[in-house]
Amino acid sequence: MKYAEGSPIQDTKAPEGPIEDRWEKRKFAAKLVNPANKRKLNVIVVGTGLAGGSAAATLGELGYNVKSFCYQDTPRRAHSIAAQGGINAAKNYRGDGDSVYRLFYDTVKGGDFRSRESNVYRLAQVSVNIIDQAVAQGVPFAREYGGLLDTRSFGGAQVSRTFYARGQTGQQLLLGAYQALERQVAAGTVEMFTRHEMLDLIIDNGRARGVIVRDMVTGEIERHVADAVVLATGGYGNVFFLSTNAKGCNTTAIWRAHERGAYFANPCYTQIHPTCIPVSGEYQSKLTLMSESLRNDGRVWVPLRKGDDRLPGDIPDDERDYYLERIYPAFGNLVPRDIASRAAKNVCDEGRGVGPGGLGVYLDFRDAIGRLGRDAVEKKYGNLFEMYERITGENPYDQPMRIYPAVHYTMGGLWVDYDLQSTIPGLFVIGEANFSDHGANRLGASALMQGLADGYFVLPTTLGDYLAAGPFGEVNEEAVAEAEAKVTSRIERLLAVNGTRTPDSFHRELGRLMWDYCGMERTEESLRKALERIPELRAEFWANVKVSGANEELNQVLEKAGRVADFFDLAELMCLDALVRSESCGGHFRAESQDADGEALRDDEHFAHVSAWEHSPEGEPVLHKEPLEYDYVKMSQRSYK
Amino acid sequence: MNLTLKVWRQSGPSDSGRMVKYRVEEVSPDMSFLEMLDVLNERLILEGDDPIAFDHDCREGICGMCGMVINGVAHGEQVATTTCQLHMRHFEDGATITIEPWRAAPFPVVKDLVVDRSAFDRIIQAGGFVSVPAGSAPDAHSLPVRKEDADSAFDAATCIGCGACVAACPNGSASLFTAAKITHLSLLPQGQPERLSRAKAMVDQMDAEGFGGCTNTGECTAVCPKGIPLDTIAQMNSDYLKANAK
Ligand SMILES: Cc1cc2nc3c(=O)[nH]c(=O)nc-3n(C[C@H](O)[C@H](O)[C@H](O)COP(=O)(O)OP(=O)(O)OC[C@H]3O[C@@H](n4cnc5c(N)ncnc54)[C@H](O)[C@@H]3O)c2cc1C
Ligand code: SF4
Ligand code: FES
């Protein structure tokens, strides 16, 4: 696949000056909207996860007229609900040396020097307000006997800054945002549209002015216009078919915005989570994450000897290889996700994997149970152990868990500036759907932090600055009708094929291909193969997919087919991006670029930039580079040894 | 395993609906219940039939989207388990399994096994929150909370809003769902200022939606995948009475 190189881009909104003052400066420079005008300004927020839910609620509180959309039957079910482990914040409640600066430093380093310093610093600053906000809403975080909040340390951090609510932190934070949202629905500032899927973006006069959505119950295609549109539609990990994401997670909203002109940044940056339950068979429909907080007390190992098929309990300690502790003595089992995942792949590739197909490693609690007692372990991890037993039928108190890496999070997303505005004026993108803060690798417990930082604190300020120039008047009927016609004709096209393969069968095949060729390890050869194969499979999809039923009803096959169609296009861009970035960084591992120990080798001279892709309807995608500069954290090769 | 399924099919709210029989073969015991239905649906699509519509999303027991009455029990017989977490190893080879939607007047059927649970959102809208706009919060440590209270509040807060409690209740009551939220917030200091008005507004909304009253049958807790305890309902009633006495 060919591409063209376009002009470089700059993030023009980030203020200059000392990094500690930049957000303060930006807030002060942001224009304010007269309270009486806010009611006249309409904002569409698509997505009700941590990012979208908190944003819609906050915009409603500020007095804007908000419409909120989600594809589930209620906003409370957004995928954020599934986050288990926790949320980071630089509160330094433990006095263990944490600070805003340290969280900033860890995040830039953890992102392997592929994120923006200004953004990350702001994230670390705002993190402390998030915890305050959540506690005031009644989020029942874990507490100590003295009544103060408990924290734990989480993958990749040496301080204890992760706040948690048993293994259900995402649920509790999302319910906090959901309740704030429902409060605004009752107050009449937010109108809620559940079971509505966004299928296109309306652009008029160069500005994002609305969305075309499908009512998933009646099939009606609806048009909604506004003065600004916010996308908070989450990540696209489901391009791999098997991932830890909820089944409905998709790329449709951001992909269609991309087709309308929003640049897509770093699409190839994918996070593979090291601790998931391995695949059990062909019918597998999703993968389940075991929170990596388990790595605080569980020890990861495989048999020293290849083909050792004794039961784990029968293998004595000196015949086990606690490979993370061996290779990375400083961080041991707590190395960042990308490193833990690849290490698991390596030992399995050596033939030392355990369980069906040799695609698994042990996560063993024997020593923790010995040290802390079974009760203490149960208190900490009880619900996770239960979840594991439900799925596998095995009891982790008696035998080690089997885990294997799985696709979990996508650092890439729509390009946004410091204000979280995309390259389309009036289109803002928040949460996992944007690319902004995690560079090439996200640290554990940082996605919840980013989603809520964006929604509660950053967007409400920067969006106001944009809206101060509004309202933007009537939307041109032609622009609306064009977008609507595009959506309708695409649906008709999907229904008309009437072929012999289901949308899911194509999705599985695409996912398999992406995992094999653009997964944990990528090579020029594998990526070229993928780029050859994807267009063929896409052509077959459009010639041979079978979508049963009609548009004018609840039709889950049609919903699925539309999402799979977009995944094909996205998959192609991911592979191209991965091919062009011939360095390794964070979650993007190019086998050609590794050091003598097999660790990821960055190439800062050629790749210290964000790759922002512009869609061109007929021709080749255009690559715009945003140079990254590091004034505060010195660029260095990550080392966790 | 080979199984016979009897599944409720209803094309839309105006259709009267009926049970339809399907054979499914070569089911692996490691499959989840929903994966078994996926396999059947793939076949139905190719045969030109309408696949069975059912709600689901996270498939790990936390979003609350899935829910079916399996062999007469909401979410099936395995305790503290959502439909999506149920695995086929708990069924016998050759068994016949009946699958029906939640049945309750305030949860009208949308299609097949999909029902409309928006009444739950309206109960939350009535008062299931703490009124605290973003940016107005004091430091999180300014108000310590007893660990026991925080833990009990958490237990109540784990409700996933699935609606199994309503489906299981002979009166179609939403008391367990409503009480879980009331209890979560009334156990915490942050929830005190609005405690009584909240209880009153939420209970009144629950009644307005047409949910039945609670007669303490306990069927709700028995099927609740999160084990929300029955004593939350006592807490709700006590707050509600106090609110009305005011
Ligand atoms: C199993 C698991 C555990 C995790 N644990 C943690 C953790 O411990 N700590 C942490 O920091 N992060 C964790 N993460 C990551 C984190 O949960 C997510 O990155 C984050 O919740 C994403 O939030 P979001 O608001 O951006 O999007 P989401 O929560 O995914 O919400 C997306 C919203 O968009 C809507 N939507 C999507 N497409 C459309 C469309 N086309 N039309 C209309 N609506 C649409 C959906 O209905 C939904 O409301 C975890 C992720 C997983 C999968
Ligand atoms: S109380 Fe239990 S059964 Fe009822 S909605 Fe909540 S989790 Fe579901
Ligand atoms: S699908 Fe989310 S709880 Fe079952």
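- Ranked by non-hydrogen atom pairs under 4.5 Å with chain B, the options A:Asp504, A:Thr288, A:Leu149, A:Ile131 are led by A:Leu149.
- Interface residue A:Glu553: only side-chain heavy atoms are found under 4.5 Å from chain B.
- Ranked by heavy-atom pairs under 4.5 Å with chain B, the first of A:His79, A:Gln168, A:Arg166 is A:Arg166.
- Residue contact with chain A, scored on non-hydrogen atoms closer than 4.5 Å, involves the backbone and the side chain of B:Gln85 alike.
- A distance of 9.0 Å separates CE in B:Met65 from OG1 in A:Thr74, rounded to the nearest 0.5 Å.
- Comparing B:Ala137, B:Gly48, B:Ala140, B:Pro144 by how many heavy-atom pairs each has under 4.5 Å with chain A, the most go to B:Ala140.
- Heavy-atom distances place both the backbone and the side chain of B:Thr81 under 4.5 Å from chain A.
- For A:Gln172, the part lying near chain B is the side chain, with the backbone staying farther off; criterion is any non-hydrogen pair under 4.5 Å.
- Contact record, A:Thr58 with A:Pro460: CG2-CG, 3.6 Å, taken as the closest heavy-atom pair.
- Across A:Pro503, A:Ala82, A:Ser54, A:Gly499, the residue that shares the most heavy-atom pairs under 4.5 angstrom with chain B is A:Ala82.
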*salt bridge (charged side-chain N to carboxylate O under 4.0 Å, His left out) between A:Arg94 and A:Glu144, intermediate numbers included*: CA-CA 12 Å; A:Arg94 297 250 166 193; A:Glu144 310 212 321; 3.2 Å; yes
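- When heavy atoms are compared at a cutoff of 4.5 Å, A:Leu287 approaches chain B solely by way of its backbone atoms N, CA, C and O.
- In this structure, the portions of B:Asp121 lying under 4.5 Å from any heavy atom of chain A include both its backbone and its side chain.
- Within 6.0 Å of CD in A:Glu389 there are more than 12 heavy atoms belonging to other residues, nucleotides or ligands.
- Between A:Lys91 and A:Asp132, at least one side-chain nitrogen of the basic residue sits less than 4.0 Å from a carboxylate oxygen of the acidic one, meeting the salt-bridge criterion.
- Of residues 180-196 of chain B, those residues lying under 4.5 Å from chain A by any heavy-atom pair are B:Lys181, B:His184, B:Leu185, B:Leu188, B:Gln190.
- Of the two parts of B:His56, only the side chain, counted from C-beta on, holds a non-hydrogen atom closer than 4.5 Å to a non-hydrogen atom of chain A.
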- Just do the salt bridge (charged side-chain N to carboxylate O under 4.0 Å, His left out) check on A:Arg77 and B:Asp55 with the steps written out, would you? CA-CA 11 Å; A:Arg77 309 210 201 282; B:Asp55 266 333; over 6 Å; no
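- For B:Val145, the parts sitting under 4.5 Å from any heavy atom of chain A are the backbone and the side chain alike.
- The aromatic rings of A:Tyr93 and B:His141 sit parallel, their planes meeting at an angle under 30°, below the 60° perpendicular limit.
- Heavy atoms of B:Val115 lying under 4.5 Å from chain A belong exclusively to its backbone.
- Contact annotation for A:Thr392: only backbone heavy atoms (N, CA, C, O) come within less than 4.5 Å of a heavy atom of chain B.
- If you measure heavy-atom distances from A:Phe457 to chain B, the contacts under 4.5 Å come from the side chain alone.
- Under the 3.5 Å distance criterion, with hydrogens and angles disregarded, a donor-acceptor pair is assigned to the side chains of A:Asn544 and A:Thr500.
- A side-chain donor from one of B:His75 and B:Thr83 sits under 3.5 Å from a side-chain acceptor of the other.
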For this session: Evaluate salt bridge (charged side-chain N to carboxylate O under 4.0 Å, His left out) for A:Asp150 paired with A:Arg143, printing each intermediate quantity in order.
Result: CA-CA 5 Å; A:Asp150 192 14; A:Arg143 292 190 180 255; over 6 Å; no
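- Residue A:Leu554 touches chain B through both its backbone and its side chain, counting heavy-atom pairs closer than 4.5 Å.
- Only the side chain of A:Glu61 has a heavy atom closer than 4.5 Å to any heavy atom of chain B.
- Heavy atoms only, all atoms of each residue included: A:Pro75 and A:Leu174 are closest at O-CD2, 4.3 Å.
- Both the backbone and the side chain of B:Ala80 come within less than 4.5 Å of a heavy atom in chain A.
- No hydrogens or angles considered: a donor-acceptor pair under 3.5 Å links the side chains of B:Arg59 and A:Ser285.
- Comparing B:Glu148, B:Arg117, B:His90, B:Arg122 by how many heavy-atom pairs each has under 4.5 Å with chain A, the most go to B:Arg117.
- The part of A:Tyr178 that comes within reach of chain B is its side chain, from C-beta onward, which places non-hydrogen atoms under 4.5 angstrom from that chain.
- Under a cut-off of 6.0 angstrom, the local environment of CD in B:Glu92 is sparse, with at most 12 non-hydrogen atoms contributed by other residues, nucleotides or ligands.
- Contact count versus chain A (heavy atoms, under 4.5 Å) is highest, among B:Pro133, B:Ala150, B:Ala153, for B:Pro133.
- Shown here for B:Ala119 and B:Glu209, the closest heavy-atom pair between the two residues is CB-OE1, 3.6 Å.
- Using a 4.5 Å cut-off between heavy atoms, A:Gln72 touches chain B through backbone and side chain atoms alike.
- Under the 30°/60° scheme for interplanar angles, the aromatic rings of B:Phe33 and B:Phe91 are found to be tilted.
- Proximity to chain B (any heavy atom under 4.5 Å) is restricted, for A:Thr244, to the backbone atoms N, CA, C and O.
- Under the 4.5 Å side-chain criterion, counting only non-hydrogen atoms from C-beta, B:Arg43 is not in contact with B:Asp49.
- The nearest pair of heavy atoms linking B:Asp50 to B:Leu44 is O-CD1, 3.9 Å.
- There is no contact between B:Leu34 and chain A, counting heavy-atom distances below 4.5 Å.
- At a 4.5 Å heavy-atom cutoff, the contact between B:Ser28 and chain A is made by side-chain atoms alone.
- Of all the listed residues (A:Gly281, A:Ser280, A:Ala165, A:Gly549), the one sharing the greatest number of non-hydrogen pairs under 4.5 Å with chain B is A:Ala165.
- When heavy atoms are compared at a cutoff of 4.5 Å, B:Ile123 does not approach chain A at all.
- Under 3.5 Å, the side chains of B:Ser131 and A:Arg183 contain a donor-acceptor pair of N or O atoms.
- Neither the backbone nor the side chain of B:Asn41 comes within less than 4.5 Å of any heavy atom in chain A.
- Per-residue counts of heavy-atom pairs under 4.5 Å with chain B were compared for A:Glu182, A:Gln137, A:Lys546, A:Met192; the largest is that of A:Glu182.
- Looking at A:Asn129, neither its backbone nor its side chain comes within 4.5 Å of chain B, counting heavy atoms on both sides.
- Looking at B:Thr158, the atoms closer than 4.5 Å to chain A (heavy atoms on both sides) sit in the backbone and in the side chain alike.
- Across B:Lys111, B:Met36, B:Arg146, B:Glu35, the residue that shares the most heavy-atom pairs under 4.5 angstrom with chain A is B:Glu35.
- Heavy atoms closer than 4.5 Å to chain B are found in the side chain of A:Arg195, but not in its backbone.
- For B:Glu25, the CD atom sits in a packed shell: over 12 heavy atoms of surrounding residues, nucleotides or ligands are nearer than 6.0 Å.
- Taking A:Arg390, A:Gln179, A:Lys286, A:Lys247 one by one and counting their heavy-atom pairs under 4.5 Å with chain B, the maximum is reached by A:Arg390.
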